[in-house]
Amino acid sequence: MPASFFKSSKEQTMFGFPHVTTHLPTNYIELYGNGTKPADWTGNISAMDQIIVQLKGQLTRLKQISTEQLDQDLDTPFLGCKTVGELAGLTLMYEAYD
């Protein structure tokens, strides 16, 4: 699975992409979202060096999430997760498993 998939799924989970954050192109959902594959890609595809820069930027933003933010309750529990931190842990587990 391409690194971009993880980038867009993490961006959705942790930063509300594409509705809240604008750090990634909105077409990443179409390109790298659940159920997509490179054979179906059309249009503007990011170069690997651009993806690497975006991944590094995302890591920086993830590191800036405070403990207080991680302890915040989710508006609606998701897959058994009740806090932002629990959801972050689930996202990391998902990425490590695949």
K.L.:
Look only at the side chain of E86 and the backbone of K82, and say whether a donor-acceptor pair between them is shorter than 3.5 Å.
P.N.:
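A pair under 3.5 Å: yes.
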K.L.:
How close do Q69 and Q64 get, counting heavy atoms only, and between which atoms?
P.N.:
OE1-O, 3.9 Å
K.L.:
Test side chain to side chain contact (heavy atoms under 4.5 Å, CB included) on L79 and L90; report intermediate values, then the result.
P.N.:
CA-CA 9 Å; L79 296 175; L90 177 68; 3.8 Å; yes
K.L.:
Would you give the length of the straight line joining atom CD of Q54 to atom CG of D49, rounded to the nearest 0.5 angstrom?
P.N.:
10.0 Å
K.L.:
Would you compute the distance between atom CD of Q50 and atom CG of L55 and round it to the nearest 0.5 angstrom?
P.N.:
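Reported to 0.5 Å precision, the distance equals 11.0 Å.
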K.L.:
Is L70 linked to L59 within one hydrophobic cluster, defined over Ile, Leu, Val, Met, Phe, Trp and Tyr using a side-chain heavy-atom separation of less than 4.5 Å?
P.N.:
no
K.L.:
Quick check: do D71 and T83 have side-chain heavy atoms less than 4.5 Å from each other?
P.N.:
no
K.L.:
Taking the side chain as every heavy atom from C-beta outward, state whether D40 and T36 have any atom pair closer than 4.5 Å.
P.N.:
no
K.L.:
Checking T60 against K56 for the side chain to side chain contact (heavy atoms under 4.5 Å, CB included) test, could you report, in this order, the C-alpha distance in whole Å, the side-chain angles of both residues, the deciding distance, and whether it holds?
P.N.:
CA-CA 6 Å; T60 299; K56 288 179 180 179; 5.7 Å; no
